[in-house]
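See below for the structure under consideration.
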Amino acid sequence: MSTTESAKPSGSPKSQPFDPGDPLGIDDLLDPEDLAIRDTVRTWAADRVLPHIAEWYENGELPGIRELARELGSLGALGMSLQGYGCAGASAVQYGLACLELEAADSGIRSLVSVQGSLAMYAIHRFGSEEQKQRWLPGMAAGETIGCFGLTEPDHGSDPAGMRTYAERDGDDWVLTGRKMWITNGSVAGVAVVWAQTDQADGGSGIRGFVVPTDTPGFSAPEIRHKWSLRASVTSELVLDGVRLPADAVLPGATGLRGPLSCLSHARYGIVWGAMGAARASFEAALDYAKSREQFGRPIGGFQLTQAKLADMALELHKGILLAHHLGRRMDAGRIRPEQVSFGKLNNVREAIEICRTSRTILGANGISLEYPVMRHATNLESVLTYEGTVEMHQLVLGKALTGLDAFR
């Protein structure tokens with residue numbers, strides 16, 4: 001027997017052709033239901049978002065957002081990984097795949113889904129009373145009611161413990177006063193989950209969450225205009241001017257910052273996947289362009305420097321997808337830690353931005369045109385980079401986990 005023959009694995013399968021779209025064979029890790037959900041969301045986004053997104057982005061609007069929300073509800077994409085109350089009860093990996101496909105269309109669409117499901121619905125599902133869950137979750141899962149999540153304030157983003165929004169007792173009622181800033185879905189929401197300081201002497205216990213119907217007197221949500229990022233997304237300020245709520249508006253299961261921070265961790269997980277969707281769309285645009293754009297008598301994809309860029313982008317893109325998949329499996333097993341979500345969010349968003357920037361160089365001047373998705377994804381990711389925790393905050397989360405030393409203060 002020759003050396004070559006003895007080295008050949010016994011019963012090895014026939015070699016499969018290299019797939020540029022899945023160079024590592026990551027699809028082999030997915031079961032048929034995973035693939036069906038991914039393909040369903042991809043088809044919906046291709047039909048309902050991609051033909052219009054450049055115009056929406058250029059005009060700085062998301063027309064028909066309520067109709068889009070209902071369609072996403074019919075797909076099971078809202079509160080997708082939650083159980084009961086009309087939610088799909090999908091796995092974390094399936095939810096992640098949906099986030100990837102939605103953000104491959106636009107970060108604004110994924111943000112709509114993330115804020116609805118991973119923040120507003122998740123807060124009610126995890127910390128709410130049975131009455132609150134029955135009242136709000138079925139309509140939110142169906143997309144009939146849009147939700148928002150009020151934590152960030154004009155002067156308090158990375159340090160939510162310093163929030164100034166305040167809830168005080170007045171008899172059995174609570175009265176909320178304050179402002180929240182950069183709130184996705186705010187001006188179209190039917191319900192807001194708002195976090196506020198409370199006085200322990202008045203029956204509070206520090207920071208508490210409140211379920212606020214947006215038609216309550218004193219509540220308003222002026223839309224924020226003149227954004228150069230997430231332009232196809234509704235972003236608002238929340239103004240609470242003596243908003244009076246009954247005692248049962250409090251989320252009974254959440255006291256202190258642990259409540260809102262656990263919601264943020266759930267939303268960050270979706271970003272780990274979503275950022276790779278934006279990166280994939282930009283990479284695919286650059287790859288297609290490199291194979292068709294000719295300079296010096298041949299496609300630019302045939303030049304070494306262009307191939308080096310494409311190879312490096314493919315490495316980071318598919319490493320990021322593998323990381324997202326790994327974290328999804330850990331979440332499904334109930335073994336994920338917040339530090340691991342920070343690991344994924346920090347890496348994947350940072351690498352996605354670099355992929356967009358490198359893709360733009362391959363497209364040259366065409367890279368800044370809305371005829372291609374690259375610049376739109378790049379500018380959107382500048383927001384994704386800092387929301388749900390800035391780069392610095394996630395670095396400090398990991399730094400503390402690595403050293404055991406708290407450098408936040």
Side-chain angles (χ1 to χ4, degrees), residues 19-24 26-54 56-57 62 65 68-81 88 90-118 143 184 230 232-233 266-285 287-288 314 317-318 320-325 327-329 331-332 344-345 348-349 351-352 355-356 359 373-374 376-377 380-381 384:
D19 181 0
D22 184 22
L24 296 178
I26 298 175
D27 280 2
D28 293 346
L29 302 175
L30 305 175
D31 63 32
E33 185 178 2
D34 298 335
L35 294 170
I37 289 172
R38 183 190 69 182
D39 293 346
T40 297
V41 177
R42 183 182 295 183
T43 299
W44 178 85
D47 179 56
R48 290 291 287 118
V49 179
L50 290 180
H52 315 290
I53 189 61
W56 296 345
Y57 186 91
L62 186 58
I65 183 175
L68 290 172
R70 287 190 290 270
E71 291 178 17
L72 288 162
S74 69
L75 291 177
L78 302 178
M80 187 172 174
S81 60
S91 71
V93 168
Q94 290 166 353
Y95 172 58
L97 290 166
C99 287
L100 187 151
E101 296 301 330
L102 291 170
E103 194 145 358
D106 193 77
S107 300
I109 304 300
R110 199 269 308 144
S111 291
L112 164 63
V113 170
S114 288
V115 169
Q116 177 85 347
S118 291
T184 298
L230 289 180
S233 178
H266 199 262
R268 290 164 181 162
Y269 166 76
I271 293 171
V272 176
W273 285 91
M276 292 295 97
R280 188 193 72 192
S282 298
F283 171 76
E284 289 177 346
L287 180 61
D288 290 344
L317 170 61
H318 294 284
I321 294 174
L322 273 175
L323 172 56
H325 186 276
L327 294 179
R329 293 300 185 204
M331 181 173 281
D332 281 327
K345 202 265 187 183
N348 282 14
V349 180
E351 295 303 328
I355 288 170
C356 289
S359 296
V374 175
R376 174 169 54 81
H377 283 304
N380 281 339
L381 286 171
V384 180

Taking only residues two or more places apart in sequence or in another chain, which ones pass side chain to side chain contact (heavy atoms under 4.5 Å, CB included) with Leu287? Phe283, Lys291, Leu310
Could you give me the CA-CA distance, side-chain angles and deciding distance for Asp27 and Asp19, then say whether side chain to side chain contact (heavy atoms under 4.5 Å, CB included) is met? CA-CA 11 Å; Asp27 280 2; Asp19 181 0; 5.8 Å; no
Would Thr184 and Leu230 count as a side chain to side chain contact (heavy atoms under 4.5 Å, CB included) here? Give the steps. CA-CA 10 Å; Thr184 298; Leu230 289 180; 5.6 Å; no
CG of Leu327 to NZ of Lys345, rounded to nearest 0.5 Å, is 14.0 Å
Roughly how far apart are Glu33 CD and Arg38 CZ, rounded to 0.5 Å? 13.5 Å
Check whether Asp22 reaches the backbone of Ile26 with its side chain - one donor and one acceptor, N or O, closer than 3.5 Å. yes
May I ask you to decide if Ala98's main-chain N or O and Glu101's side chain share a donor-acceptor pair within less than 3.5 Å? no
When you measure from the side chain of His377 to the backbone N and O of Ala352, does any donor-acceptor pair fall under 3.5 Å? no
Taking atom OH of Tyr95 and atom CH2 of Trp273, what is their separation to the nearest 0.5 Å? 12.0 Å
Please report, to 0.1 Å, the donor-acceptor pairs under 3.5 Å made by any side chain of residues 105-112, with sequence neighbours excluded.
residue, atom, partner, partner atom, Å
Asp106, OD1, Arg376, NH1, 2.7
Asp106, OD1, Asn380, ND2, 2.9
Asp106, OD2, Gly108, N, 2.9
Ser107, OG, Glu103, OE2, 2.7
Arg110, NE, Glu103, OE1, 2.5
Arg110, NH1, Ser114, OG, 3.0
Arg110, NH2, Glu103, OE1, 3.1
Arg110, NH2, Tyr387, OH, 2.8
Ser111, OG, Ser107, O, 2.9
Ser111, OG, Tyr387, OH, 2.8

Taking the side chain as every heavy atom from C-beta outward, state whether Ile37 and Met80 have any atom pair closer than 4.5 Å. yes
When you check the gap from the basic side-chain N to the acidic O, do Asp47 and Arg42 get nearer than 4.0 Å? no
Reported CZ-to-CG distance for the pair Arg70 and Leu75, which is rounded to 0.5 angstrom: 13.5 Å
Asn348 side chain to Ala275 backbone, donor-acceptor under 3.5 Å: no
Just verifying a value: how many Å separate Thr40 OG1 and Gln94 CD, rounded to the nearest 0.5 Å? 11.0 Å
